[in-house]
2 protein chains.
Amino acid sequence: MGKASRNGKALAALATGRLRQAGLRPTRQRVELAGLLFLDCDRHVTAESLHDQVTKSGVKVSLATVYNTLHQFTQAGLLRQVIVDAARSYFDTNTGDHQHFFLESEGLLIDIPGESIAVAGVPTPPPGLSVDRVDVVVRVRRT
Amino acid sequence: MGKASRNGKALAALATGRLRQAGLRPTRQRVELAGLLFLDCDRHVTAESLHDQVTKSGVKVSLATVYNTLHQFTQAGLLRQVIVDAARSYFDTNTGDHQHFFLESEGLLIDIPGESIAVAGVPTPPPGLSVDRVDVVVRVRRT
DNA sequence: GTGTTTGCAAAGTGTTTGCAATTTA
DNA sequence: TAAATTGCAAACACTTTGCAAACAC
């Protein structure tokens with residue numbers, strides 16, 4: 001058995017476990033996508049970028065399924081949606097407390113650890129409203 | 001001369017001046033939109049909400065022109081685009097330093113003065129990148 | 001008059017959905 | 001086998017664009 005194949009099987013097993021834990025049936029497509037998303041380091045993807053990647057890896061998954069899967073993973077708490085660009089939706093495999101640098105011209109997101117950053121002086125929300133989350137986007141440009 | 005008419009003329013004159021300053025021809029449509037946008041308090045609009053408002057006030061402006069005008073005003077520095085929702089673009093008449101509360105379920109934006117809020121601990125961006133702007137969105141919900 | 005702006009309708013983009021065929025358990 | 005999932009294509013919402021007619025200066 002070659003290395004790639006062995007890795008492939010190990011990855012699939014890990015991905016399958018993660019999906020089961022989340023209450024999602026480990027279908028071929030979900031296992032493939034989970035393998036790409038969760039078994040590397042933290043990642044930021046769009047539906048299109050993930051679809052491209054899975055397609056290039058030789059696996060056939062429709063774009064509609066990628067969209068559906070991203071939302072299912074998000075609902076299951078495996079992903080977090082990041083709103084930084086009016087044109088497309090990003091999904092982040094890091095679901096913990098953190099913020100982002102965003103380089104709009106290249107669609108590049110970079111994590112900022114939650115501990116390093118602090119937002120002070122947030123006023124009390126108007127009556128009847130309470131704070132859900134504080135998002136910080138540090139927009140950067142090439143110098 | 002009635003009150004409404006007098007106010008209407010005064011508003012139009014002010015709006016016309018503002019447009020001229022910004023280097024934009026004071027066409028009927030631009031004067032109407034500028035009147036709605038700039039002569040009240042600070043406002044947050046979408047293309048659709050502004051189009052509805054101008055239409056209800058009895059003036060005919062096409063939605064395409066509203067979109068174009070919002071972008072022209074933004075380029076001229078009269079408006080600032082706020083990215084908080086994947087589904088629609090908001091434009092803010094307050095172009096100064098400030099942040100926002102956002103109530104997603106109702107599409108409601110509320111300004112937070114820039115002086116009241118402080119973001120500490122933003123790491124140095126990766127080499128080759130520099131900070132353009134720091135956006136803070138305090139997402140709130142009804143309690 | 002001359003160049004700008006408008007409005008319409010058509011095109012475009014990213015995303016969602018209905019439903020038959022397929023797959024999972 | 002029963003229920004869940006997929007893929008396709010069509011539908012969708014929002015936004016942009018091409019171009020002839022209307023307008024500002």
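The model shown is predicted, which means the values in this text are computed figures rather than measured ones. For the numbers below, each heavy atom of this structure counts, side chains included, while hydrogens, waters and symmetry mates do not. We name chains A, B, ... by the order of the sequence lines, and we start the count at 1 in each one.
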- request: Please work out if A/Ala86 contacts a base, only the sugar-phosphate, or nothing of the nucleic acid, heavy-atom cut-off 4.0 Å.
  value: nothing
message: Judged by each residue's nearest nucleotide on DNA chain D, which is more toward the 5′ side, A/Ala64 or B/Asn68?
response: A/Ala64
- request: Determine: side-chain N/O of B/Ser89 to OP1/OP2 of D/dC14, distance under 4.0 Å, yes or no.
  value: no
message: Judged by each residue's nearest nucleotide on DNA chain D, which is more toward the 5′ side, A/Gln29 or B/Arg88?
response: A/Gln29
field: Nucleotide nearest A/Arg20 when distance is taken to its side chain, options C/dA25, C/dT6, C/dT24
entry: C/dA25
- prompt: When clusters are formed by joining ILVMFWY residues with side-chain heavy atoms under 4.5 Å apart, either directly or through shared neighbours, do A/Ile83 and A/Leu70 land in the same one?
  reply: no
task: Say whether, by atom type as modelled, one donor and one acceptor occur between the side chain of A/Arg30 and the main chain of A/Leu24 under 3.5 angstrom.
output: no
- prompt: Which one, C/dT17, C/dT5, C/dT15, comes nearest to the side chain of A/Tyr67?
  reply: C/dT15
- request: May I have the distance from B/Leu63 (atom CG) to C/dC8 (atom C1'), rounded to whole angstrom?
  value: 12 Å
- request: Report the relative orientation of the aromatic rings in B/Phe73 and B/Phe38; use parallel for angles under 30°, tilted for 30 to 60°, perpendicular for over 60°.
  value: tilted
query: Is D/dC14 paired to anything, Watson-Crick or G-U wobble with both distances less than 3.5 Å, and if yes, which nucleotide?
result: C/dG12
- prompt: Ignoring hydrogens and angles, are the base of C/dT24 and the side chain of A/Arg25 linked by a donor-acceptor pair under 3.5 Å?
  reply: yes
- line: Between CG of B/Leu24 and P of D/dA24 the distance, given in whole Å, is 15 Å
- prompt: So, B/His98 side chain and B/Gly96 main chain: donor-acceptor pair closer than 3.5 Å or not?
  reply: yes
field: A/Arg28 side chain near C/dT23 phosphate (N/O to OP1/OP2, under 4.0 Å)
entry: no
message: Tell me if a side-chain donor or acceptor on B/Thr65 pairs with a main-chain N or O of B/Val61 at a distance below 3.5 Å.
response: no
message: Output the rounded distance in Å from CD (B/Gln72) to C1' (D/dT17).
response: 14 Å
task: Provide, to the nearest angstrom, the distance between the CG atom belonging to B/Asp52 and the C1' atom belonging to D/dA13.
output: 15 Å
task: May I have the distance from A/Gln75 (atom CD) to C/dT16 (atom P), rounded to whole angstrom?
output: 12 Å
- request: Write down the partner of D/dA2 under the Watson-Crick or G-U wobble criteria, each distance required to be under 3.5 Å.
  value: C/dT24
query: Taking OP1 and OP2 of D/dT5, is either one under 4.0 Å from a side-chain nitrogen or oxygen of A/Thr65?
result: no
task: Output yes when at least one side-chain N/O atom of B/Ser62 is less than 4.0 Å from OP1 or OP2 of C/dT6, else no.
output: no
query: Could you give the CZ-to-C1' distance, from B/Arg30 to D/dA22, as a whole number of Å?
result: 14 Å
query: Would you say B/Glu104's side chain and B/Val140's backbone share a donor-acceptor pair under 3.5 angstrom?
result: no
task: Using Watson-Crick or G-U wobble geometry with both distances below 3.5 Å, tell me the partner of D/dC25, or none.
output: C/dG1
query: Once you round it to whole Å, what is the distance between P of C/dT5 and NE2 of B/His71?
result: 16 Å
query: Does A/Thr46 place a side-chain N or O at less than 4.0 Å from the phosphate oxygens OP1/OP2 of C/dG14?
result: no
field: Whole angstrom value for the distance that separates C1' of C/dT24 from CD of A/Glu32
entry: 16 Å
